[in-house]
Amino acid sequence: MELKLKYFGIIADITQKKEELFFVEEDTITLKLLQSKIEIKYPKILDIKYSIAVNQKFLQNDFLLEKDDIIALLPPFAGG
């Protein structure tokens with residue numbers, strides 16, 4: 001399955017891209033399993049805290065992804 005990943009902030013710096021089509025061999029994959037595959041490909045991501053949104057929503061780790069989902073990796077937010 002191919003999934004569309006979007007990277008923001010320091011995560012885009014680590015991956016050296018703002019988005020990519022990420023291929024996984026599984027026909028069904030959870031958000032948690034995808035996260036572990038991303039961390040294997042980009043181990044420096046483990047050095048930062050980040051959030052993952054699917055279709056602009058924060059979901060549970062056991063959420064099953066579909067091929068048309070858009071997954072965004074978001075760095076920590078600062079605000080005031």
Side-chain angles (χ1 to χ4, degrees):
M1 177 180 354
E2 254 183 8
L3 298 165
K4 185 172 187 174
L5 304 183
K6 293 188 170 196
Y7 306 116
F8 296 89
I10 192 168
I11 299 169
D13 294 340
I14 290 169
T15 63
Q16 297 185 352
K17 51 187 88 172
K18 292 187 178 187
E19 63 181 55
E20 76 174 307
L21 291 176
F22 194 88
F23 180 77
V24 293
E25 294 180 9
E26 296 82 1
D27 291 330
T28 58
I29 187 168
T30 62
L31 186 58
K32 184 66 177 171
L33 182 55
L34 174 63
Q35 181 178 6
S36 68
K37 289 178 178 285
I38 293 167
E39 290 170 350
I40 289 168
K41 184 173 181 179
Y42 302 110
K44 288 186 178 184
I45 287 179
L46 291 167
D47 295 339
I48 62 168
K49 291 187 183 244
Y50 65 95
S51 301
I52 300 178
V54 179
N55 301 324
Q56 300 181 354
K57 296 179 184 170
F58 293 105
L59 302 168
Q60 299 294 322
N61 284 337
D62 60 352
F63 179 81
L64 286 176
L65 297 167
E66 297 181 12
K67 67 176 183 134
D68 295 328
D69 289 336
I70 298 174
I71 298 103
L73 279 73
L74 307 163
F77 295 102

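Along the sequence shown, residues are numbered consecutively beginning with 1.
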| Going by the side chain to side chain donor-acceptor pair (under 3.5 Å) test, which pairs reach into residues 26-35, not counting sequence neighbours? |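 Only E26-K37, Q35-E39, Q35-Y50 qualify under side chain to side chain donor-acceptor pair (under 3.5 Å).
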| query | To the nearest 0.5 Å, what is the distance between NZ (K6) and CG (L73)? | reply | 12.5 Å
| query | Could you give the distance from CD1 (I45) to CD1 (I10), rounded to the nearest 0.5 Å? | reply | 10.0 Å
| task | Group every Ile, Leu, Val, Met, Phe, Trp and Tyr by side-chain heavy-atom contacts under 4.5 Å, then state whether I52 and F8 land in the same group. | result | no
| query | Under 4.5 Å between side-chain heavy atoms, hopping through other hydrophobics if needed: is there a path connecting V54 to L74? | reply | no
| message | So, applying side-chain contact (heavy atoms from CB on, under 4.5 Å) with Y7, which one of Q16, E20, K18 is it? | response |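 For Y7, the side-chain contact (heavy atoms from CB on, under 4.5 Å) check succeeds only for E20.
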| query | Do other residues, nucleotides or ligands put more than 12 heavy atoms under 6.0 Å from K41 NZ? | reply | yes
| Nearest heavy-atom pair of P75 and I11: which atoms, and what distance? | N-CD1, 3.7 Å
What donor-acceptor contacts under 3.5 angstrom involve side-chain atoms of residues 55-68, with partners at least two apart or in another chain?
| unit_1 | atom_1 | unit_2 | atom_2 | d |
| --- | --- | --- | --- | --- |
| N55 | OD1 | I70 | N | 2.9 |
| N55 | ND2 | D69 | OD1 | 2.8 |

| request: Let me see the working for L3 and I29 under side-chain contact (heavy atoms from CB on, under 4.5 Å), right down to the final yes or no. | output: CA-CA 10 Å; L3 298 165; I29 187 168; 4.2 Å; yes
| Pairwise side-chain contact, E19 with L5, heavy-atom cut-off 4.5 Å (strictly under) |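 Side chain of E19 against side chain of L5, heavy atoms only: no contact under 4.5 Å found.
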| said: Within the structure provided, determine whether L34 and F22 are in side-chain contact (heavy-atom separation under 4.5 Å). | reply: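 Yes, at least one pair of side-chain atoms sits under 4.5 Å.
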| task | Under the side-chain contact (heavy atoms from CB on, under 4.5 Å) rule, what do I14 and D47 come out as? Steps first, then yes or no, please. | result | CA-CA 10 Å; I14 290 169; D47 295 339; over 6 Å; no
